[in-house]
Amino acid sequence: MKRHFRVWRGDSSGGDLQDFDVEVNEGEVVLDIIHRLQATQTPDLACRWNCKAGKCGSCSMEINGMPRLGCMTRMSTFTPDETITITPLRTFPVIRDLVTDVSFNYEKARETPAFAPPAGVAPGQYRMQQVDVERSQEFRKCIECYLCQNTCHVVRDHEENKTAFSGPRFFIRAAELDMHPLDARTDRKQYAQQSQGLGFCNITKCCTEVCPEHIKITDNAIIPMKERVVDRRYDPLVRLGRKIFRRDQLPDPPDNMAPSRSEGVSGVGAGMTYTSARLPEGPPVGPDGRLEIAELAAPLQGGLSPFGEDMTFPLPPERVAYHHPDPDRPAADPPTAGGRH
């Protein structure tokens, strides 16, 4: 039977949602439909894909507004009369059609300090308890589809946050290494807070909802990391040490701590001696000196879901706006258009 699809077509200069009627067979997934579109109606449609088995993360897209993998979204999940709207990841700059520039994630990966093996222990001599293996094994299931990065409203709705915020994918990496009993670094928590922007996360669990590997990103990684940061920051003995010792007497961070390139970062996260010069900031208050209670009184604290209770699909074209990462690049020369990557 034929089904109705709306697919976003465009490049750096803009685009639009185009309508297609496509034959759908039993057991097919959305990526199958995209391949049929390329074969029968629009051969220049650009889409990334690789394994078609939900293990490479290449075919990330938004299907009816929900960040999903095209190869893992079965057509049987939609009603026969439902219009399926397919758009690129909205957080990242579009290159062409369904292909976006996700280089932001690779930059953040390079900024994340690598595993530091213990001194005097050669590879092959590492020994760990099974409970320590299981604690971080979940985080290694990540296929780097970046759906969590795409749905995180700290990045999605605030372009200015990208400089100082790494996102949930790299918070689970920080948690994995911080929970690793053989990792020699002791500054993972401070680095996550001061350089990766852990404090920006307000735990809406959007990243957990869209993870195709069902990693409990918020409960098992972000919240424990926040708790460890708080334990360190407000430990009474640590605070007493800050009052007793001068700053030049406090221990220096490890020599292999790479200075952060994020703006506004200070302390250990910037590769400098730990300092308490930056005091905790209280919540904003109104002119009358009272806290704002509008959010507490709202029916949905923290704002609407990123998928939007007030959002209907298909979206009108004027609501779908993308920008090329390099505005000076000619629109007719997309670097990764079409087929595999």
Side-chain angles (χ1 to χ4, degrees), residues 27-32 34 47-78 86-92 98-100 102-110 112 114-115 128 130-156 165-180 183 188 192 196 198 201 203-226 305-307 340-341:
E28 288 187 327
V29 295
V30 170
L31 188 58
D32 292 322
I34 293 175
C47 174
R48 282 195 180 109
W49 72 282
N50 191 17
C51 74
K52 203 175 180 294
K55 292 302 177 185
C56 73
S58 300
C59 61
S60 300
M61 58 188 69
E62 294 192 11
I63 303 172
N64 282 6
M66 175 74 78
R68 297 176 182 266
L69 294 178
C71 69
M72 298 299 289
T73 306
R74 293 200 172 273
M75 291 301 302
S76 58
T77 61
F78 307 104
I86 305 174
T87 56
L89 298 179
R90 205 168 304 173
T91 298
F92 307 112
L98 303 180
V99 177
T100 55
V102 294
S103 58
F104 161 80
N105 302 287
Y106 304 130
E107 294 171 2
K108 294 302 179 182
R110 285 191 291 268
T112 303
F115 172 77
M128 295 173 59
Q130 184 61 32
V131 65
D132 292 323
V133 175
E134 294 171 352
R135 183 176 291 117
S136 59
Q137 185 69 35
E138 174 189 15
F139 307 138
R140 301 191 187 108
K141 297 192 299 181
C142 176
I143 60 175
E144 296 197 325
C145 60
Y146 302 128
L147 294 182
C148 61
Q149 299 284 89
N150 175 69
T151 197
C152 179
H153 60 275
V154 179
V155 181
R156 185 183 182 108
F165 187 75
S166 295
R169 188 276 169 269
F170 301 103
F171 292 154
I172 68 173
R173 175 62 175 163
E176 174 192 343
L177 294 173
D178 193 52
M179 297 175 185
H180 199 301
D183 184 57
R188 300 282 180 192
Q196 293 183 289
L198 182 65
C201 174
I203 321 177
T204 58
K205 298 192 178 183
C206 308
C207 50
T208 301
E209 290 182 27
V210 301
C211 179
E213 289 292 329
H214 307 292
I215 302 173
K216 293 180 173 59
I217 300 173
T218 309
D219 292 339
N220 292 353
I222 296 178
I223 291 178
M225 284 298 288
K226 281 178 171 285
S305 163
F307 313 128
R340 299 172 180 253
H341 74 132

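The basis for the numbers below is simple: all heavy atoms, side chains too, and nothing from hydrogens, waters or symmetry mates. Since the structure is predicted, the reported quantities are computational estimates derived from the model, not experimental observations. Counting from 1, the numbers follow the sequence of the chain as shown.
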Subject >> Candidate pair Cys152 and Phe165, rule side chain to side chain contact (heavy atoms under 4.5 Å, CB included), full reasoning >> reply: CA-CA 11 Å; Cys152 179; Phe165 187 75; 3.7 Å; yes

Original post:
Can you list the steps and then say if Leu198 with Met225 is a side chain to side chain contact (heavy atoms under 4.5 Å, CB included)?
Top reply: CA-CA 8 Å; Leu198 182 65; Met225 284 298 288; 3.9 Å; yes

Subject >> Audit row: Val29, Met72, side chain to side chain contact (heavy atoms under 4.5 Å, CB included) steps and yes/no >> reply: CA-CA 7 Å; Val29 295; Met72 298 299 289; over 6 Å; no

**OP:** In sequence, state the C-alpha distance, the side-chain angles, and the governing distance for Lys226 and Ile203, and then conclude on side chain to side chain contact (heavy atoms under 4.5 Å, CB included).
**Re:** CA-CA 10 Å; Lys226 281 178 171 285; Ile203 321 177; 3.9 Å; yes

Original post:
Step by step, would you call Phe171 with Phe139 a ring pair (Phe, Tyr, Trp, His ring centres under 6.0 Å)?
Top reply: CA-CA 10 Å; Phe171 292 154; Phe139 307 138; over 10 Å; no

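A heavy-atom distance below 4.5 Å is found between the side chains of Thr218 and Cys207. Side chains of Thr87 and Met61 form no contact here, defined as non-hydrogen atoms less than 4.5 Å apart. The shortest distance between side-chain heavy atoms of Val154 and Cys201 does not fall below 4.5 Å. Here the side chains of Val30 and Phe78 are in contact, with some heavy-atom distance below 4.5 Å. You'll find the side chain of Ile217 reaches within 4.5 Å of the side chain of Cys148, heavy atoms only.
Checked for salt-bridge contact, Glu28 and Lys52 miss the test: no charged N lies under 4.0 Å from a carboxylate O. A salt bridge does not link Glu62 to Arg68: none of the charged nitrogens lies less than 4.0 Å from a carboxylate oxygen. With salt bridges taken as basic N to acidic carboxylate O contacts below 4.0 Å, one links Lys55 and Glu213.
Here the shortest heavy-atom pairing between Ile63 and Gly70 reads CD1-CA, 4.3 Å. The two residues Thr112 and Lys108 come nearest to each other via the heavy atoms OG1-O, 3.0 Å. Taking both residues in full, the closest heavy atoms of Leu177 and Ala114 are given as CD1-C, 4.4 Å, listed atom of the first, atom of the second, then distance. Nearest heavy atom pair, residue Cys145 against residue Leu69, reads CB-CD2, 3.8 Å.
A distance of 4.5 Å separates CD1 of Ile172 from CD1 of Ile215, quoted to the nearest 0.5 Å. How far OH of Tyr146 is from CG of Asn105: 5.0 Å, rounded to the nearest 0.5 Å. Within the model, atoms CZ of Arg173 and SG of Cys142 stand 10.5 Å from one another, a figure rounded to the nearest 0.5 Å. Here the CG atom belonging to Asp32 is positioned 11.0 Å from the OG1 atom belonging to Thr73, to the nearest 0.5 angstrom. Note: Ile34 CD1 to Cys47 SG = 4.0 Å, rounded to the nearest 0.5 Å. Rounding to the nearest 0.5 angstrom, the gap separating the CD atom in Glu176 from the OG atom in Ser136 is 5.0 Å.
The main-chain N or O of Thr100 is found under 3.5 Å from a side-chain atom of Arg48 such that the two form a donor-acceptor pair. Between the side chain of Thr77 and the main chain of Arg74, a donor-acceptor pair closer than 3.5 Å is present. The closest donor-acceptor contact from the side chain of Thr208 to the backbone of Lys216 lies at 3.5 Å or more, if one exists at all. Checking side-chain atoms of Thr151 against main-chain N and O of Leu147 turns up no donor-acceptor pair under 3.5 Å. In this structure, Gln149 contributes its side chain and Arg169 its backbone to a donor-acceptor pair below 3.5 Å.
In this structure Ser60 satisfies the side-chain hydrogen bond (donor to acceptor under 3.5 Å, both in side chains) test with no other residue, sequence neighbours excluded.
A side-chain donor-acceptor contact under 3.5 Å links Thr91 and Asn150. Between the side chains of Glu138 and Asn220, at least one donor N or O lies within less than 3.5 Å of an accepting N or O.
With Gln137 as the partner, the side-chain hydrogen bond (donor to acceptor under 3.5 Å, both in side chains) test is satisfied by one option alone out of Glu134, Arg140, Arg135: Arg140.
Ring pair Phe115/His180 is tilted by interplanar angle, where 30° to 60° counts as tilted.
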